[in-house]
Each structure stands twice: as structure tokens, then as C-alpha cells.
Protein chains: 8
Amino acid sequence: MTPLVGVIMGSDSDWPVMGAAAEALTEFGVPHEVSVVSAHRTPQRMLDYARGAAARGLRAIVAGAGGAAHLPGMVASATTLPVIGVPVPLKYLDGMDSLLSIVQMPAGIPVATVSVGGARNAGLLAVRMLAASDDALRARLERFHADLEQLVLDKDAALRA
Amino acid sequence: MTPLVGVIMGSDSDWPVMGAAAEALTEFGVPHEVSVVSAHRTPQRMLDYARGAAARGLRAIVAGAGGAAHLPGMVASATTLPVIGVPVPLKYLDGMDSLLSIVQMPAGIPVATVSVGGARNAGLLAVRMLAASDDALRARLERFHADLEQLVLDKDAALRA
Amino acid sequence: MTPLVGVIMGSDSDWPVMGAAAEALTEFGVPHEVSVVSAHRTPQRMLDYARGAAARGLRAIVAGAGGAAHLPGMVASATTLPVIGVPVPLKYLDGMDSLLSIVQMPAGIPVATVSVGGARNAGLLAVRMLAASDDALRARLERFHADLEQLVLDKDAALRA
Amino acid sequence: MTPLVGVIMGSDSDWPVMGAAAEALTEFGVPHEVSVVSAHRTPQRMLDYARGAAARGLRAIVAGAGGAAHLPGMVASATTLPVIGVPVPLKYLDGMDSLLSIVQMPAGIPVATVSVGGARNAGLLAVRMLAASDDALRARLERFHADLEQLVLDKDAALRA
Amino acid sequence: MTPLVGVIMGSDSDWPVMGAAAEALTEFGVPHEVSVVSAHRTPQRMLDYARGAAARGLRAIVAGAGGAAHLPGMVASATTLPVIGVPVPLKYLDGMDSLLSIVQMPAGIPVATVSVGGARNAGLLAVRMLAASDDALRARLERFHADLEQLVLDKDAALRA
Amino acid sequence: MTPLVGVIMGSDSDWPVMGAAAEALTEFGVPHEVSVVSAHRTPQRMLDYARGAAARGLRAIVAGAGGAAHLPGMVASATTLPVIGVPVPLKYLDGMDSLLSIVQMPAGIPVATVSVGGARNAGLLAVRMLAASDDALRARLERFHADLEQLVLDKDAALRA
Amino acid sequence: MTPLVGVIMGSDSDWPVMGAAAEALTEFGVPHEVSVVSAHRTPQRMLDYARGAAARGLRAIVAGAGGAAHLPGMVASATTLPVIGVPVPLKYLDGMDSLLSIVQMPAGIPVATVSVGGARNAGLLAVRMLAASDDALRARLERFHADLEQLVLDKDAALRA
Amino acid sequence: MTPLVGVIMGSDSDWPVMGAAAEALTEFGVPHEVSVVSAHRTPQRMLDYARGAAARGLRAIVAGAGGAAHLPGMVASATTLPVIGVPVPLKYLDGMDSLLSIVQMPAGIPVATVSVGGARNAGLLAVRMLAASDDALRARLERFHADLEQLVLDKDAALRA
């Protein structure tokens with residue numbers, strides 16, 4: 001199936017974090033592709049990836065990066081698709097550098113930023129975007145929310161027991 | 001026309017920041033509504049707003065809040081629509097409290113966070129989301145990007161002159 | 001016995017931190033209840049919990065949450081009881097996000113915030129609130145303070161030895 | 001009338017911030033007293049104030065301080081009453097030093113901390129504490145919450161107009 | 001004369017800060033060019049600028065940017081010239097976001113980062129780089145240092161007077 | 001011998017950090033005493049300790065504390081001796097709370113603050129204070145500096161080897 | 001009279017902050033000298049100043065600097081006198097850079113750091129150091145503390161009036 | 001061969017970080033020397049090292065330091081060579097103190113700062129500086145960039161497989 005979401009990251013060392021985005025998309029049956037695309041090591045390829053994304057059928061891009069995290073913002077500069085940025089925490093600074101490098105984009109080029117290390121939520125945000133014009137997917141999201149609620153009720157019962 | 005995007009904020013004092021989101025939507029001809037909805041002062045009304053949003057035809061919600069900024073995340077908890085959070089800076093801490101309160105959502109409930117005070121980008125992000133399944137809107141976004149590019153070229157020429 | 005204090009948290013994963021609040025209440029013989037109530041996964045149930053709390057006899061609520069920690073503030077928005085917030089530290093940022101999300105409440109809706117991970121102090125703060133109109137409990141608090149003092153004297157003696 | 005709440009601060013220069021605590025208490029008809037008590041310039045007097053507070057009929061203390069803000073915590077060390085700390089922002093650091101100096105109390109001695117500059121909320125928190133055992137005061141708090149809600153509705157109507 | 005240093009910035013609004021880099025180069029008689037080149041609004045043009053820089057005779061590039069400041073790092077990814085990054089402070093966060101976005105580059109692609117708003121030092125750093133293989137320029141730098149020293153001696157005399 | 005320096009801390013759990021202050025004093029043959037004195041658990045005893053310190057012959061006090069670290073500042077408020085504060089890092093926040101709580105003292109009551117966990121330097125600072133009026137001690141400090149210098153030379157030789 | 005304290009700063013632009021250190025010394029009748037000595041612009045002169053300080057009769061040095069504030073630590077490296085560091089706040093970062101650059105000295109070379117902009121306290125700390133071996137000066141400090149206390153009492157009376 | 005780059009650090013304990021700078025220079029065949037030179041323990045030797053560096057043939061200096069990291073800036077004050085600063089992270093504060101102490105240099109004396117722990121990039125930055133006037137070295141850098149690019153392509157292929 002044609003992928004609807006691209007999940008990209010600057011290095012395969014980001015995969016332990018970013019894998020959760022792909023996993024969330026799989027849970028919701030959203031076809032997606034996964035690539036290593038580096039803003040700093042393959043800048044032209046990154047721009048080409050971003051420019052061709054919409055034409056290839058992508059509807060959203062999830063991009064993870066750490067430190068001076070330029071991948072999400074640069075991809076957003078070369079596509080009109082919504083780009084979701086995941087601040088990947090590095091060894092120092094607890095991802096605060098990653099977060100600020102991704103979220104503080106200048107007027108004109110937004111990046112939809114999620115929490116430090118929040119790749120699962122990035123995947124779910126892509127699902128929400130797609131579900132806004134896909135009733136079947138929205139129904140699945142509603143069941144997912146109901147399941148989250150039930151999980152809390154179960155934990156509550158277990159804690160009180 | 002039925003609004004496609006809801007722009008909400010906790011107080012009318014957020015309007016000087018949040019107005020830029022509405023303005024961006026207007027530039028792109030996206031019908032939208034504006035409301036004051038407070039997580040802390042009208043909690044039930046906020047949940048009701050969020051729950052009814054999709055059924056009323058909204059496709060995305062832009063929510064701005066400052067300090068212990070709970071509005072975007074709470075709205076996201078009660079709708080499956082994508083929610084875009086704008087950290088509104090208050091008098092102290094330069095919006096760092098607002099940013100962290102919005103972006104650091106737990107797994108399951110994402111908020112698409114933009115920069116501190118970045119309401120214009122929140123509006124543009126909503127446009128990107130809609131444009132992903134609306135070719136006419138995407139074409140307008142592409143002209144917008146071309147205009148941004150031209151603006152830089154003009155400034156460059158002026159600076160060199 | 002009717003519980004006087006409600007100890008709530010967004011997930012059972014907060015229990016290793018939040019258990020210390022319940023333990024402090026037990027030490028002082030204050031009847032209390034413990035629940036998992038999630039602002040983001042069970043928003044309506046959370047509001048209902050908060051709204052019914054006073055009528056069920058609660059006199060204070062201790063709420064712990066991490067990251068974009070909305071539980072204490074949202075509960076405070078739906079009850080007039082004093083709400084004590086415990087910033088639970090997550091994997092990154094050392095609880096600074098939790099702290100700011102809880103303490104920086106807007107005018108009108110206060111949350112009594114304690115230190116990062118300070119659930120024991122949250123329990124003790126609830127005891128202080130109750131003791132302000134309960135002489136027997138205040139006497140117990142005074143003995144507790146005397147014991148803390150004695151502990152320091154003992155440690156001093158041991159260190160000098 | 002015997003004051004039920006003591007509002008203290010280290011210097012009269014804190015009054016522009018701390019006055020809002022007294023004002024909130026006045027709005028709710030809660031008798032209170034106001035004093036300048038300095039942890040660093042009148043340490044013994046501060047301890048004496050704290051020790052005598054309960055016997056004089058106080059039921060809560062609101063203490064504001066800035067920078068290395070020791071007043072709330074030191075007062076809490078010498079009374080069993082609940083102590084509410086207000087981080088007063090100074091010229092530099094936006095009150096982050098004040099906040100951490102107040103909220104990060106060690107186990108055993110809690111301080112109920114409110115937002116940077118949040119003296120109004122400190123007053124309201126004292127009202128909540130008293131209202132937990134005073135039905136008339138609780139009813140007033142409920143009207144106050146209803147008024148806050150109405151205010152949001154009015155602002156919403158005005159913004160939409 | 002062929003420019004040896006390129007001074008670039010994302011917008012002409014950065015010029016009040018970045019002008020000091022050009023001024024320092026002028027003081028030392030180093031031929032240079034000034035351009036507006038935006039990572040986010042003209043990404044392809046930025047890469048082309050970087051790729052062609054060495055061939056056009058540039059020996060160093062000074063790049064200023066603010067917020068999610070990607071220009072210096074992206075330029076460094078597409079040239080082997082030394083790139084000097086100037087964190088331009090924006091309205092909020094005092095340039096901390098700009099600093100971290102520039103300095104925290106991943107292994108392989110360094111950016112020589114100077115202080116927040118430190119465009120003058122960026123210019124001087126370019127001079128040092130050139131002077132390392134240009135004895136006349138080094139001599140000028142040594143006079144410059146001697147002048148700085150004399151300035152301090154003069155200020156010292158004035159203060160003591 | 002009458003102790004010249006008092007080394008105090010709020011809990012014996014601070015000893016693994018604070019022991020290095022005592023050790024430095026021992027290395028220089030400075031008689032000193034060690035005590036557990038808690039600002040929050042033994043406030044009156046702390047004031048009494050501070051008030052009597054000069055009369056007992058102390059010439060400086062080294063005080064370590066963590067979190068809302070009030071001990072150094074409160075001791076300084078009740079003595080005219082120089083007080084050296086050591087920010088003890090706790091489990092979260094890396095000692096930043098401890099540092100700000102100690103260093104940001106209001107005008108009138110200074111605390112000589114050293115680095116996070118810098119107890120050894122606190123001891124050495126006390127030695128410097130005493131040595132300013134004790135030529136023999138100053139000579140020992142000078143040998144100590146010479147030894148530090150030699151150590152660097154040895155390490156340099158080893159690294160080059 | 002031979003100066004007992006040296007007050008130094010990197011530039012005369014630091015004088016509006018650092019003047020308060022000299023003023024405090026004047027209030028206590030402590031002879032002192034004031035100089036502009038720059039770590040970065042007059043490094044050799046700075047080392048020479050530090051090395052000769054004790055022999056010229058100085059008993060303590062107060063050094064103020066901002067940003068990458070190296071003056072206090074470098075002076076401390078070349079003298080055995082106690083060095084008091086004043087973090088001078090610059091235009092950005094509220095003095096946090098100055099504070100960390102001064103206080104985080106490595107083991108072996110302590111700097112007695114005061115609050116951001118706390119030059120008055122630096123002067124008072126020098127007085128405390130001298131007073132530890134000068135009974136007349138200590139008596140003056142005690143009167144000063146009594147005056148501070150009285151000032152608080154007067155402000156308290158005024159506020160209550 | 002005469003070293004072209006000096007790699008210095010305050011202590012051999014910095015070597016596990018700083019070794020990567022030397023390694024990068026070795027990879028590019030750039031002759032270099034390695035020394036332990038301490039700003040705080042061997043201040044005169046440090047100044048002498050810096051002053052003699054250019055005459056001995058060095059073209060750039062890489063200096064690493066942690067905490068109140070004064071080595072890079074002080075060396076820069078005594079040479080006109082470009083100085084590259086590496087913030088070495090210590091046990092607390094994740095290198096934020098080191099970063100600010102190095103990067104926030106005053107106007108006149110720049111330090112080319114790289115990321116926290118970024119010694120490899122410091123070496124590569126020195127290579128870029130030398131390559132700006134050495135075509136053979138620049139060609140090697142271009143191959144290095146091509147290799148980085150190929151590495152990303154390989155990782156991408158592996159991830160997709």
C-alpha cells in the first residue's frame with residue numbers, strides 16, 4: 001500500500017526512540033515508510049525527500065532528531081505537508097536542546113512538536129491528522145481512547161484492592 | 001460557512017497573541033471560529049466543547065494558554081481531532097512554563113506544539129493539515145512558500161544595495 | 001471511616017512516588033482514599049471526582065502527576081477544596097516540567113505545590129491543614145516535630161563521636 | 001476580630017506583590033493581619049512569630065519572599081500551621097530562584113507553594129483551607145467560582161461579537 | 001576585491017545584530033559580502049550558497065540566526081569551510097534557544113559558535129582564522145590586542161582618578 | 001585545640017559531600033568542629049549555634065545544604081562571621097535549586113558560595129580567610145599551590161609520553 | 001591608609017554594579033582600592049595584580065565580571081588571598097552565565113561567590129572576613145545587624161499603620 | 001613534523017573527552033601536540049603557552065575545560081590564533097556551566113565553541129580552518145563528507161531492509 005506517513009530520523013541510533021512512532025501507525029493500520037535522512041550529512045537528499053513527499057502520496061511526515069535538531073524544521077521548509085517533530089534526547093541536557101531546536105521555528109514554517117522522546121505521540125498525532133478526514137480511522141481512535149479510559153479504571157481498581 | 005478550525009484561548013487577554021492564528025486562517029480562506037474557553041474557569045464547558053468539536057464539523061483545534069497551560073492538553077483528551085497548542089508567554093519565565101506544560105503530554109494524548117507566542121504558525125499548521133487532503137489549499141500554500149522565498153530575495157537585494 | 005483526604009494520581013506508575021503521601025497520612029491516623037484518576041485519559045471522571053469530593057466528606061486532595069502535569073490544576077478547577085500538587089519526575093527534565101505545569105496556575109485557581117517527588121510532604125501538608133482545626137492532630141504534629149528535632153540531635157552526636 | 005491568617009513578607013518592597021493576598025482575604029471576609037518579618041534580618045523574631053502563631057488563633061500563614069527565599073520554609077519549621085509560600089520575583093532570574101528556594105523543602109517540613117508572583121492565589125488557597133471546615137465560606141467560594149465561569153462566558157460573547 | 005568572508009543571516013531583521021560582524025571585518029580590511037539567506041524560506045538557495053562558497057573564494061562564513069536557528073548548521077553541512085554561528089536573541093528566551101540550536105551540532109559537522117548576540121566576535125574570529133596564514137593580518141590583530149589593553153589601562157586610570 | 005572553623009550540615013546524609021571540607025581543614029592543620037544542625041528541624045538550635053559561634057572562638061563557618069537550602073543563609077543572619085555555603089546536590093535538579101537557594105541572598109547578609117558539591121573548596125576558602133592574617137598558614141597555602149602546579153606538570157609529562 | 005581590600009572589575013561599564021562593593025567598604029571604614037583589571041584584555045597585568053596583592057597588604061579581593069566571567073577565578077588562581085566573585089548581569093541570560101562561570105570553580109581554587117549583581121554583599125563579606133580578626137570591626141558589624149533589624153521593625157510598624 | 005594544532009586541557013581527567021579531538025586530527029594527517037595546561041593551577045604557564053603558540057608554528061588551539069571553564073577564553077586572550085573551546089561536562093549540570101563559561105566571551109576575544117563534549121567536532125573545526133588555505137586537506141574533507149553521506153545511505157538501506 002502507498003505509505004501515507006513518512007517516519008524519518010537522522011541516524012539509525014534514533015530508532016530505539018523513533019520506532020514507537022512506526023509502531024503506533026501500525027496499530028492503527030496506517031501504511032507508512034521509514035527512512036534515515038540526515039539534515040547535516042545528506043542535506044540535498046533531505047530536501048529532495050521533502051519536496052517529493054506530497055507527490056508520492058504522503059500526508060504527513062514524522063521527523064526525529066537530537067541536539068541541534070534541524071531535520072524537522074528543514075523538512076518543513078521544503079514541503080507543505082504537516083511535519084511532526086520528535087525531540088530525541090541525547091547524552092547531555094535531557095533533550096532540552098532538541099526540544100528548543102525543533103519547536104522554536106520562525107513564523108511561516110511550523111513544526112508540530114511533541115514531547116522529549118515522545119515518538120509514540122508523534123505517530124498518534126499523525127493518526128489524528130489522517131482521521132480528521134477518515135471516519136473509519138476516527139472510529140478506531142475513539143475506541144483507542146475508550147481503551148485508555150478502561151485501562152485507568154482497571155488500574156484504579158487494582159490500586160484500591 | 002461551517003468553521004473547519006476552532007481557535008480557543010483561556011482568556012481574552014490571550015487575544016493579542018492568538019489573533020495571529022485567526023489571521024493566518026483568514027489569509028488562506030479557511031472558515032474558523034474563535035472562542036474563550038478556560039480549562040480552569042469553565043472545565044465542564046471546555047470538555048463539552050472538545051467532545052462536540054468533530055461532530056460540529058471542526059477538523060482541527062488551535063488552543064493557546066500560558067503558565068500552567070492546561071487548555072490544549074485537556075481539549076486533546078476529549079477529542080480525537082488534532083489539537084495545536086500555542087504557549088502564550090506570561091510576565092515571568094518567558095513562556096518556558098507554558099511551553100513545557102503544553103508539549104510534555106503523556107503517551108496517548110499528543111498536542112502539536114508550536115513556538116512560544118507562535119500563534120501564526122499554529123494557524124499555518126492547521127492549514128497544512130487541511131491542505132493534506134485539499135489540493136486547492138495545498139496550491140495556495142505552495143504560492144505562500146514561493147512568496148516567502150521571494151521576500152527573502154528582495155531583502156537580500158535591499159541589504160546588498 | 002470516611003476518608004478525609006483523597007490521594008490521586010494519573011497512573012499506577014506514579015505509586016512508587018505517591019505512596020509516601022498515603023504513608024504519611026497513615027502515620028497520623030488520617031483516613032484517606034487512594035485512586036487512579038487521569039486528567040488526560042479519564043477527563044470526565046476526573047471532573048466528577050473533583051466535583052463530588054467535598055460532598056463525600058473529603059477535606060483536601062493530594063494529586064500527583066508528571067510532565068505536562070494537569071491533574072492537580074484541573075481537579076482544583078472543579079472543587080473548592082484545597083488541592084496539593086506533587087510534581088512527579090519523569091525520565092527527562094528532572095521534574096522541572098512537572099513542577100512548572102503544577103505551580104504556575106492562573107489567578108483564581110491555586111494549587112498548593114510541594115517539591116519534585118515530595119509526596120511525603122504533600123501528605124504532611126494535608127495533615128497540617130486538618131490540624132489547623134483539630135487540636136488532637138496538632139498535638140501529634142508537635143510530637144512529630146519534636147521527634148525530627150531529636151533525630152537531628154542523635155545524628156549530631158553520632159557524627160561527632 | 002481575631003485574625004485567622006497571617007500575611008508576612010521580608011520587606012515592605014514585597015508589598016506591591018503581596019498586597020494581593022490580603023486583598024483576596026478581604027474579598028472573602030477572612031480576618032487577617034499583615035507584617036514585615038524578615039528571615040535574614042530578624043531571624044529570632046521570625047521564629048517567635050511562627051511559634052506563637054497557632055496560639056494567637058492563626059489558622060494559616062501566607063509568606064512571600066524573593067531570591068534566596070527562606071521566610072516561608074523557616075516559618076514552616078517553627079509552626080505546625082499550614083504555610084503558603086509566594087515566590088516574589090526579583091530583578092533577575094524571573095523568580096526562578098525564589099520558586100526553587102521555597103518549593104524544594106526537605107521531607108518533614110512542607111510549604112504550600114503558589115506561582116511566581118501568585119499572591120492572590122496564596123490568599124485564595126488560605127480561603128480554601130479555612131472553607132474546608134466552614135460551610136458558609138465554602139458557599140462563598142462556590143459563588144466565586146461561578147462568577148469566574150460567568151466572566152469567561154462574557155468574554156467569550158464579547159470576543160465572538 | 002574578492003570577498004574572503006560571507007556574512008549571512010536569515011532575515012534583514014537580524015542586521016542590527018549581524019552588522020557588527022561586517023563592521024569588524026571592515027576594521028581589519030577583510031573583503032566580505034553580506035547576504036540574506038534563509039534556511040527555512042530559501043532552503044535550496046541556502047544549500048547552493050554553501051556549496052559554491054569555497055569555489056567563489058570565500059575562506060569562512062559567518063551565519064546568524066535566532067530561535068530554531070538552523071542556518072549555521074545547515075550551511076556547515078554543505079561546505080567544508082569553517083562556519084561561525086551567531087545566536088541571535090529573539091523576543092523570548094534570551095537567545096538560549098538560538099545558542100543551543102547552533103552549538104549542539106552532531107559529530108561530523110562543527111559550527112564555531114560565539115556568544116548570544118556576539119556578531120562582533122564572529123567577525124573577529126574570522127579575522128583570526130585568516131590571520132593564521134597571513135602575517136600582515138596577524139600583526140594588525142596584535143595591534144588590536146595592544147589597543148584593547150591600553151583601553152583598559154585608560155579606564156583604570158580614569159576610575160582611580 | 002579550640003576549633004577555628006565550624007563545619008555544619010542539615011543531615012548526616014550530607015556527610016559524604018561535606019566530609020571533604022573537614023578533610024581540607026585537616027590537611028592544613030586548622031582545628032575545626034563538625035555538627036549536624038538543621039535549619040528546618042532544629043531552627044532554634046541553629047540560631048543559637050550561629051549566635052554563639054564567634055564567642056566560642058570560631059572564625060568562619062562552612063555550611064552545606066541541599067534543595068531549599070536555608071542553612072547557610074540563616075546561619076549568616078545570626079552571626080557576623082563569614083559563612084561559606086556548599087550547595088549539596090539532591091536526587092533531582094543537579095543542585096541548581098541548592099545553588100540558587102544559597103547564593104541569591106538579599107543585600108545585607110552575604111553567603112560565600114562555592115560550586116555544587118564543592119565542599120573541598122569550601123574548606124580551602126576557610127583556610128584562605130584564616131591565612132590572610134596568619135603568615136605560616138599562608139606559606140602552607142603557597143606550597144599547596146606549588147604542588148597543584150607540579151601535579152599539572154607531571155600529568156602533562158605523562159600525557160605526552 | 002594602605003588598602004586592605006582590592007575591588008576590581010573587567011571594565012568601567014561594571015562600575016554601576018560594582019560601586020556598591022566600594023560603598024559598603026567605605027561605610028565600615030575599610031581602606032580599599034578600585035581598579036579596572038581585565039582577565040581577557042590585560043591577562044598578564046591581571047596575574048601580576050593577583051600575585052602582588054598579598055605583599056601590598058591586601059587581605060581580600062572583590063572581583064566582578066559578566067558573561068564568561070573569568071576574572072574572579074583567574075585572580076584566585078594567582079593569589080592565596082580570599083577572592084569574592086560578583087556575577088555581573090549582562091544584557092541577556094540574567095547573569096546566569098556570569099554566576100556559573102564564577103561559582104563552578106574546580107577543586108583547589110575556590111571563589112567566594114555572591115548573588116547576581118550582589119556587589120554590596122561582596123563588600124560586606126569582605127568586612128566579615130576582616131572582622132573575624134578585628135574586634136572593633138566586628139562590633140560595627142553587630143551594630144549594622146541591629147540597624148537592619150530595627151529597619152524591619154520600622155517597616156513593619158509602617159505597614160500595619 | 002611541526003605541530004599545527006595544539007590540543008590542551010586542564011587535567012588528564014579531560015582526556016577521555018578530549019582524545020577525540022586528537023583522533024580527528026590524526027585521521028586527517030594534521031600534526032598536533034597534546035598538553036595538560038591548567039588555567040587555574042598553572043596560570044602563568046598557560047599564558048606563556050598561548051603567547052608562544054603562533055611563533056612555534058601552531059595555527060589553531062583546541063582547548064577543553066569543564067565547570068567554570070576558563071582555559072579556552074584565557075588562552076584566546078593571550079594569542080591571536082583561533083581558539084576552539086570544548087565544554088567538558090562534569091558530574092552535575094550536564095555541561096551547561098562549561099558551555100556558558102566558554103561561549104559567552106566579551107567583545108574583542110572570541111572563542112569558537114563546539115557542543116558539550118564535542119571534542120571530535122573541535123578537531124574537525126581545526127581541520128576546516130587549515131583546509132581553507134590547503135587544497136589537499138580540503139579535498140580530504142570533501143571525501144570525509146561524501147563518506148558521511150554514504151554512511152547515512154547504508155543505514156537507510158539497513159533500516160528499510
Side-chain angles (χ1 to χ4, degrees), chain D residues 9-14 36-51 63-80 83 85 87-113 116, chain F residues 9-14 36-51 63-80 83 85 87-113 116:
Chain D
M9 64 214 80
S11 166
D12 56 355
S13 66
D14 297 328
V36 178
V37 179
S38 168
H40 299 121
R41 282 158 240 186
T42 60
Q44 185 62 56
R45 188 165 169 264
M46 172 199 63
L47 285 192
D48 295 344
Y49 179 93
R51 274 199 211 105
H70 299 176
L71 184 64
M74 289 310 301
V75 165
S77 78
T79 181
T80 57
V83 176
V88 176
L90 300 188
K91 191 173 172 193
Y92 305 113
L93 300 181
D94 255 15
M96 188 52 87
D97 49 355
S98 318
L99 171 58
L100 293 174
S101 297
I102 291 174
V103 79
Q104 289 293 89
M105 288 291 290
I109 311 290
V111 168
T113 309
V116 174
Chain F
M9 63 214 80
S11 167
D12 56 355
S13 66
D14 298 328
V36 177
V37 179
S38 168
H40 297 121
R41 281 159 238 182
T42 60
Q44 186 61 55
R45 189 163 169 265
M46 171 199 65
L47 287 191
D48 295 344
Y49 179 94
R51 273 199 211 106
H70 299 175
L71 184 65
M74 289 309 303
V75 165
S77 78
T79 182
T80 58
V83 175
V88 176
L90 301 188
K91 193 174 170 193
Y92 306 113
L93 301 180
D94 255 16
M96 188 52 87
D97 49 355
S98 318
L99 171 58
L100 293 174
S101 298
I102 291 174
V103 80
Q104 288 294 91
M105 288 292 291
I109 311 290
V111 168
T113 309
V116 175

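Every chain is numbered from 1, with letters handed out A, B, ... down the list of sequences. Everything quoted here is computed from the prediction, not taken from an experiment.
- Residue D:Arg41 comes nearest to F:Pro106 through the heavy atom pair NH2-CB, 3.1 Å, listed as atom of the first residue, atom of the second, then distance.
- F:Ser101 and D:Ala68 get closest at one heavy-atom pair: O-CB, 3.2 Å.
- The backbone N or O of F:Met105 lies less than 3.5 Å from no partner atom in the side chain of D:His70, so there is not a single donor-acceptor pair.
- Between F:Gln104 and D:Asp97, the closest heavy-atom pair is NE2-OD2, 3.0 Å.
- There is no contact between F:Ala65 and chain D, counting heavy-atom distances below 4.5 Å.
- Looking at D:Ala50, neither its backbone nor its side chain comes within 4.5 Å of chain F, counting heavy atoms on both sides.
- Proximity to chain D is absent for every atom of F:Leu90, based on heavy atoms less than 4.5 angstrom apart.
- No other option in F:Ser38, F:Gly67, F:Gly66, F:Pro43 has as many heavy-atom pairs under 4.5 Å with chain D as F:Pro43.
- Note on D:Leu47, D:Leu93, D:Val103, D:Ile109: by heavy-atom pairs under 4.5 Å with chain F, the leading option is D:Leu47.
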